[in-house]
Amino acid sequence: MKGLMELYSKEEIDNLFSETRLINLLMDKYHLIPKKRIMTKNQILVEEGLDNERVFYIKQGIVAFTRNESIFNFEQEGHFIGLETFLFNDIQPYTIVAMEKMEVLLFVKEEILDILMGLQEGWLYLYLLNKAEQQRIQKNCIHLHLKGNDRSRKMLADLAKNFGKVEGEAIVLPKCFSKKIVISYLGLSFNTGKSLIEKLQREDFLLRPEKEKLFRVNKEFC
């Protein structure tokens, strides 16, 4: 794999092996025809501990990754679910649930793997997806070693960077990031999380909510 990676510059890898290019490769060149699905809020895409032979491509919406009912990650449109670390394991290691109404393309995992295994570049796609998953896990571990408010600030800032939209002096999280969802992600009890949010608002790290825009992170802290 190292020798194969050396054939490409980092810029070429970023340009040639994105998930957008992968979905186009599968559908336009190899004519895979996925099933379109509309998922409702709180609908489970795949469930922890069960066999999973499916791969989802998120066209629109956001999902939450949970294990033992605790949220530890999120993903949004433009990304695959099911081709990452647990590539050759059909047992699903975590539950993935829709946070809002969303649109996905549903593939059979075996059909995608048959194509990618036959391509030199296919191994690069799988390697990079695996690497991205490892980086997410490493980031979660780093968060766990931070103390108190620093941990929550870092996690909220990361959410803002990855999912937020700049509106004036704030980076606003989508409304599907409810207070309950965010507090669960921070790993706090509801009462502790509520007190923390109020404290961060007093410190201007979080700006006051506006209607359904609950989490408005001060962009000076991102």
Side-chain angles (χ1 to χ4, degrees), residues 19 22-23 26 32-117 122-123 125-146 151-152 155 158-159 162-163 173-174 176-190 192-193:
E19 290 175 83
L22 177 55
I23 189 70
L26 295 174
L32 288 188
I33 302 176
K35 297 178 181 179
K36 295 183 179 180
R37 292 283 187 271
I38 300 298
M39 315 299 288
T40 58
K41 182 178 179 180
N42 295 326
Q43 184 173 351
I44 293 175
L45 282 70
V46 290
E47 191 164 356
E48 178 181 351
L50 300 183
D51 288 346
N52 180 37
E53 299 177 353
R54 302 179 295 176
V55 171
F56 295 89
Y57 180 79
I58 306 174
K59 288 204 69 177
Q60 183 178 5
I62 299 173
V63 297
F65 292 72
T66 72
R67 181 177 292 154
N68 299 324
E69 300 184 356
S70 297
I71 298 173
F72 68 92
N73 199 16
F74 304 95
E75 195 57 276
Q76 61 185 331
E77 56 255 27
H79 292 279
F80 283 92
I81 297 172
L83 285 176
E84 56 285 326
T85 301
F86 304 95
L87 177 63
F88 299 106
N89 183 2
D90 289 335
I91 302 300
Q92 180 62 28
Y94 33 63
T95 295
I96 303 173
V97 59
M99 291 179 59
E100 58 187 348
K101 183 178 179 180
M102 57 186 298
E103 181 181 354
V104 300
L105 300 179
L106 176 60
F107 294 88
V108 176
K109 181 189 287 188
E110 184 177 356
E111 292 179 351
I112 294 181
L113 293 181
D114 283 346
I115 291 172
L116 293 181
M117 294 304 179
W123 289 96
Y125 280 116
L126 298 176
Y127 170 81
L128 294 171
L129 287 168
N130 178 71
K131 183 178 178 181
E133 178 70 7
Q134 290 178 335
Q135 289 173 340
R136 284 193 289 268
I137 293 172
Q138 289 170 355
K139 181 178 287 188
N140 287 338
C141 290
I142 291 172
H143 287 160
L144 290 174
H145 287 88
L146 295 175
R151 177 172 175 268
S152 295
M155 294 175 74
D158 283 347
L159 285 183
N162 293 328
F163 298 95
L173 290 180
C176 63
F177 285 92
S178 66
K179 189 175 293 185
K180 180 180 178 180
I181 291 289
V182 170
I183 289 174
S184 175
Y185 176 61
L186 297 179
L188 304 173
S189 69
F190 187 80
T192 300

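Just so you know, these numbers come straight off a predicted model, no measurement behind them.
When atom types are taken as modelled, the side chain of Arg54 and the backbone of Leu45 share a donor-acceptor pair closer than 3.5 angstrom. For the pair Glu48 (side chain) and Asn68 (backbone), a donor-acceptor distance under 3.5 Å is present. Not a single donor-acceptor pair under 3.5 Å links the side chain of Glu19 to the backbone N or O of Tyr57. Looking only at distances, no side-chain donor or acceptor of Ser184 sits under 3.5 Å from a matching main-chain atom of Ser70. Side-chain atoms of Ser178 come within 3.5 Å of backbone atoms of Ile181 as a donor-acceptor pair (strictly under, hydrogens ignored). Formation of a donor-acceptor pair under 3.5 Å by the Glu103 side chain with backbone atoms of Lys36 is not found in this model.
Remark: Ile183 CD1 to Phe190 CZ distance equals 5.0 Å, nearest 0.5 Å. Here CG of Leu116 is found 12.0 Å from NZ of Lys109. Values are rounded to the nearest 0.5 Å. A distance of 6.0 Å separates NZ of Lys101 from CD1 of Ile38, quoted to the nearest 0.5 Å. Expressed to the nearest 0.5 Å, how far CE of Met39 lies from CZ of Arg37 amounts to 8.5 Å. Put simply, CG on Asn73 and CD1 on Ile96 are 9.5 Å apart, with the number rounded to the nearest 0.5 Å.
Ile62 places a side-chain heavy atom less than 4.5 Å from the side chain of Glu100. Contact of the Ile81 side chain with the Val104 side chain is not registered, since no non-hydrogen atoms from C-beta on lie closer than 4.5 Å. Between Tyr125 and Ile112 the shortest side-chain heavy-atom distance does not fall below 4.5 Å. Side-chain contact check for Lys59 versus Leu105: some heavy-atom pair is nearer than 4.5 Å. Put simply, the side chain of Leu186 does not reach to within 4.5 Å of the side chain of Thr192, judged on heavy atoms. Using a 4.5 Å cut-off on side-chain heavy atoms (C-beta onward), Val46 and Phe56 make contact. The closest side-chain heavy-atom distance from Leu188 to Ser152 is below 4.5 Å.
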Audit row: Phe74, Phe177, ring pair (Phe, Tyr, Trp, His ring centres under 6.0 Å) steps and yes/no: CA-CA 10 Å; Phe74 304 95; Phe177 285 92; 4.9 Å; yes

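Here salt bridge (charged side-chain N to carboxylate O under 4.0 Å, His left out) pairs that include residues 71-82, with residues two or more places apart or in two chains, are Glu75-Arg136.
Ring pair Phe65/Tyr94 is perpendicular by interplanar angle, where above 60° counts as perpendicular and below 30° as parallel.
Legend: residues meeting side-chain contact (heavy atoms from CB on, under 4.5 Å) with Glu111, ordered by chain and number and at least two apart, are Leu32, Val108.
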